[in-house]
Amino acid sequence: MSQLIDEFVSFYRDFSVSSLVNLDRLYTETAVFEGPIHKVQGLQAIEKHFGAVMKGIIDCRFEFESVVETENTAFLEWFMCFHHARLGKQEITVSGISVIRFDDKIFAHRDYYDMGELLYENVPIIGRAVLKLKRKLATTS
């Protein structure tokens, strides 16, 4: 694993608002971050986005399962584990994949994950409905 990807993994293993001051070690000034519902460009925009996402998060860590790296691209499979103040005491775990494109630093980062697994299944009333729907769909297919 390259030093940059190793630093990336270390950074996200203990993801917090206080760690955001180190984003410039990983990302270029013009980097693009994209997820299922957001796309932001620029280091300051990425920092602002992560800061907003972290509101209400008590703790957050990423557990990396596998990393595949080529000359300037890396694919990282992960589990994000977190506690959120509004979602009760249980730890929420979401699986996903990041695709990172880089030279000396990361210039593009795209995350792929299931929004239902992240949010909808963990909101009390909506969550029960989503899980019931998933079970019903699983038995009919």
Side-chain angles (χ1 to χ4, degrees), residues 1-139 141:
M1 191 167 19
S2 70
Q3 182 178 345
L4 178 64
I5 299 306
D6 190 43
E7 289 178 26
F8 177 88
V9 167
S10 294
F11 177 84
Y12 283 97
R13 269 197 191 119
D14 188 25
F15 189 58
S16 67
V17 172
S18 62
S19 65
L20 296 179
V21 297
N22 296 316
L23 278 176
D24 63 342
R25 292 180 174 176
L26 298 173
Y27 295 91
T28 65
E29 284 292 325
T30 58
V32 175
F33 173 83
E34 188 171 0
I37 57 173
H38 287 95
K39 181 177 182 178
V40 293
Q41 181 166 6
L43 187 58
Q44 290 180 343
I46 294 170
E47 184 176 356
K48 183 177 178 181
H49 169 68
F50 286 165
V53 167
M54 293 300 290
K55 287 188 177 168
I57 299 287
I58 297 166
D59 62 77
C60 181
R61 72 184 185 286
F62 286 77
E63 297 174 357
F64 292 89
E65 290 294 303
S66 64
V67 177
V68 177
E69 187 176 345
T70 64
E71 188 174 323
N72 65 348
T73 304
F75 303 88
L76 301 99
E77 180 184 19
W78 44 258
F79 291 97
M80 177 176 65
C81 307
F82 68 97
H83 290 90
H84 192 284
R86 292 187 179 170
L87 298 177
K89 295 181 180 180
Q90 83 276 8
E91 181 176 77
I92 297 167
T93 301
V94 178
S95 60
I97 295 174
S98 294
V99 179
I100 307 299
R101 302 197 188 286
F102 57 92
D103 288 320
D104 294 336
K105 292 184 180 183
I106 297 165
F107 60 82
H109 174 174
R110 183 165 186 171
D111 283 345
Y112 297 90
Y113 56 88
D114 180 355
M115 279 300 295
E117 187 179 18
L118 173 67
L119 183 61
Y120 310 132
E121 292 175 17
N122 295 293
V123 175
I125 295 170
I126 296 170
R128 286 190 290 276
V130 169
L131 291 171
K132 185 177 180 180
L133 179 61
K134 278 183 151 182
R135 282 192 294 272
K136 186 172 177 97
L137 290 171
T139 60
S141 46

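The analysis underlying the following values was restricted to heavy atoms, covering all of them including side chains, and did not include hydrogens, waters or symmetry mates.
- For the residue pair Val94 and Asp114, the shortest heavy atom distance occurs at CG1-O, 4.4 Å.
- By the 4.0 Å N-to-carboxylate-O rule, Glu7 lies too far from Lys105 to be salt-bridged with it.
- When side chains are defined from C-beta on, Val9 counts as touching Met1, because their heavy atoms get closer than 4.5 Å.
- A perpendicular orientation is assigned to the rings of Phe50 and Tyr12, their planes being inclined by more than 60° (bins at 30° and 60°).
- Aromatic ring centroids of Phe33 and Tyr27 lie 6.0 Å or more apart.
- No donor-acceptor distance shorter than 3.5 angstrom exists from the side chain of Glu47 to the backbone of Leu23, with no hydrogens or angles considered.
- The shortest non-hydrogen separation linking Ser2 to Glu69 is OG-OE2, 2.8 Å.
- Looking only at side-chain heavy atoms (C-beta outward), Phe8 and Phe102 stay at 4.5 Å or farther from each other.
- Counting heavy atoms from C-beta on, the side chains of Thr28 and Leu43 never come closer than 4.5 Å.
- The structure places CZ of Arg110 at 8.0 Å from NZ of Lys39, a figure rounded to the nearest 0.5 Å.
- The structure places CZ of Phe107 at 10.5 Å from CD1 of Ile100, a figure rounded to the nearest 0.5 Å.
- Remark: Gln41 CD is packed, more than 12 non-hydrogen atoms of other residues, nucleotides or ligands lying under 6.0 Å away.
- In this structure, the side chains of Phe82 and Phe15 stay at 4.5 Å or more apart for every pair of heavy atoms.
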